[in-house]
Amino acid sequence: MLTPAHWIAPDGECLDVRTSHIAAVIADPARFDATDAWLRAVYAEHGEAERFGCEGRARAAIIRHLVTAGWIRTRRCIRPSTYWSVTIYDLGPGTRQRLQNWVDTGLAADRLKPASELRIYCVSHDKTSLMEAAELKG
């Protein structure tokens, strides 16, 4: 079983990811303002056309594109330590608000604790910051 994960849309809707982030995009490309043809083209561009949906370079490029367009990617990691991996474009006011909402919902659902470690990778700066969930609590 995979660990909990989410896509947070630019409009703030939080989507549960049942398997992988790329599988969620492939299952409903229109939700991500993409098309099946574009996804397949990205896989082909990265030499992975025959492995469509794999967790390779094309997946990384697609996730980077979506995050740049305002999506937020989250995944709870358990090895080698327990933390939440969060991928954002930048930590501007809109992103911060959506993360606060995600943290508040996670705290209420007992999915997060105030001391839960968040490793926030900022695509625009190519930098990872460490925070506790309490630092983003609304």
Side-chain angles (χ1 to χ4, degrees):
M1 179 174 147
L2 292 175
T3 56
H6 309 95
W7 275 115
I8 304 171
D11 67 8
E13 180 183 5
C14 187
L15 310 170
D16 286 332
V17 171
R18 301 284 181 217
T19 55
S20 68
H21 288 89
I22 195 64
V25 175
I26 289 169
D28 189 5
R31 177 67 181 98
F32 295 88
D33 199 24
T35 64
D36 183 69
W38 178 76
L39 294 169
R40 289 183 184 282
V42 174
Y43 270 85
E45 177 184 322
H46 287 86
E48 299 170 339
E50 293 184 11
R51 297 182 13 201
F52 184 66
C54 74
E55 300 269 325
R57 291 182 316 271
R59 168 210 172 264
I62 290 165
I63 288 175
R64 185 177 190 86
H65 172 82
L66 294 174
V67 167
T68 299
W71 287 85
I72 298 171
R73 177 195 167 278
T74 74
R75 165 77 73 197
R76 183 170 178 257
C77 301
I78 56 173
R79 288 189 184 104
S81 61
T82 300
Y83 64 92
W84 281 88
S85 170
V86 179
T87 308
I88 62 172
Y89 180 71
D90 65 21
L91 197 53
T95 300
R96 182 174 281 279
Q97 182 60 57
R98 288 183 291 138
L99 285 177
Q100 280 180 342
N101 293 344
W102 176 77
V103 165
D104 291 345
T105 300
L107 290 169
D110 206 30
R111 181 176 64 235
L112 291 170
K113 303 289 184 208
S116 293
E117 180 180 326
L118 308 179
R119 295 184 186 179
I120 302 174
Y121 174 65
C122 181
V123 168
S124 67
H125 295 73
D126 194 27
K127 182 178 172 184
T128 300
S129 301
L130 301 179
M131 292 183 152
E132 289 186 350
E135 294 178 64
L136 284 172
K137 188 177 173 194

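Computation of the quantities below employed the complete heavy-atom set of this structure, encompassing side-chain atoms and omitting hydrogens, waters and symmetry-equivalent molecules.
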Any donor-acceptor N or O pair under 3.5 Å, side chains Gln100, Asp104 = no
Does Leu15 reach the side chain of Trp71, with side-chain heavy atoms less than 4.5 Å apart?
-> yes
Co-membership, hydrophobic cluster, residues Val17 and Tyr83, 4.5 Å side-chain | no
Is it true that a side-chain atom of Arg40 and a backbone atom of Phe52 form a donor plus acceptor pair closer than 3.5 Å?
-> no
Rounded to the nearest 0.5 Å, how far apart are OH of Tyr89 and CD1 of Ile72?
-> 14.0 Å
Could you tell me whether Asp33 atom CG has more than 12 heavy atoms of other residues or ligands within 6.0 Å of it?
-> no
What are the two closest heavy atoms between Ser124 and Asp90, and how far apart are they?
-> OG-CB, 3.6 Å
Which value, rounded to the nearest 0.5 Å, describes the distance between Ile8 atom CD1 and Thr74 atom OG1?
-> 5.5 Å
Are the side chain of Arg57 and the backbone N or O of His46 linked by a donor-acceptor pair below 3.5 Å?
-> yes
Exam field: side chain Arg76 to backbone Thr82, donor-acceptor pair closer than 3.5 Å = no
Cys77 backbone acceptor or donor facing Thr3 side chain under 3.5 Å = no
Provide the closest heavy-atom pair for Val42 versus Ala61 in the form atom of the first, atom of the second, distance.
-> CG1-CB, 4.3 Å
From CA spacing to verdict: side chain to side chain contact (heavy atoms under 4.5 Å, CB included), Thr95, Ile120 = CA-CA 12 Å; Thr95 300; Ile120 302 174; over 6 Å; no
Rounding to 0.5 Å, atoms CZ (Arg75) and NE2 (His6) come to a distance of 9.5 Å
Please determine which of Thr128, Thr87, Val86 meets the side-chain contact (heavy atoms from CB on, under 4.5 Å) test together with Arg119.
-> Thr128
Of the non-hydrogen atoms in Arg31 and Ala9, which two are nearest, and what is the gap between them?
-> NH2-CB, 3.5 Å
Reported CZ-to-CD1 distance for the pair Phe32 and Ile26, which is rounded to 0.5 angstrom | 10.5 Å
Side-chain heavy-atom pair Cys14, Arg98 within 4.5 angstrom cut-off = no
Is there a path of hydrophobic side-chain contacts, each under 4.5 Å between heavy atoms of I, L, V, M, F, W or Y residues, that connects Val123 with Leu118?
-> no
Between Pro29 and Leu39, which heavy-atom pair has the shortest distance, and what is it?
-> CB-CD1, 3.9 Å
ILVMFWY cluster, Leu91 and Leu66 together (side-chain gap under 4.5 Å) | no
Considering all heavy atoms of both residues, which atom of Glu55 and which atom of Ser20 are nearest to each other, and what is their separation?
-> OE2-CB, 3.2 Å
Steps toward side chain to side chain contact (heavy atoms under 4.5 Å, CB included) verdict (Trp102, Leu136) = CA-CA 9 Å; Trp102 176 77; Leu136 284 172; over 6 Å; no
Point-to-point distance, once rounded to the nearest 0.5 Å, from CZ of Arg111 to OG of Ser116 | 10.0 Å
So, for Ala5 and His21, which heavy atoms are closest and what is the spacing to 0.1 Å?
-> CB-CE1, 3.5 Å
Under 3.5 Å, side chain of Glu135 to main-chain N/O of Glu132, donor-acceptor pair present?
-> yes
For Tyr43, is the NZ or CZ atom of Arg51 found under 6.0 angstrom from the centre of its six-membered ring and inside 45 degrees of the ring axis?
-> no
Trp38/His65 aromatic ring centres below 6.0 Å = yes
Atom pair CD1 (Ile63) and CH2 (Trp7), whose distance is rounded to the nearest 0.5 Å = 5.0 Å
Please lay out, stage by stage, how Trp84 and Val103 fare under the test side chain to side chain contact (heavy atoms under 4.5 Å, CB included).
-> CA-CA 11 Å; Trp84 281 88; Val103 165; over 6 Å; no
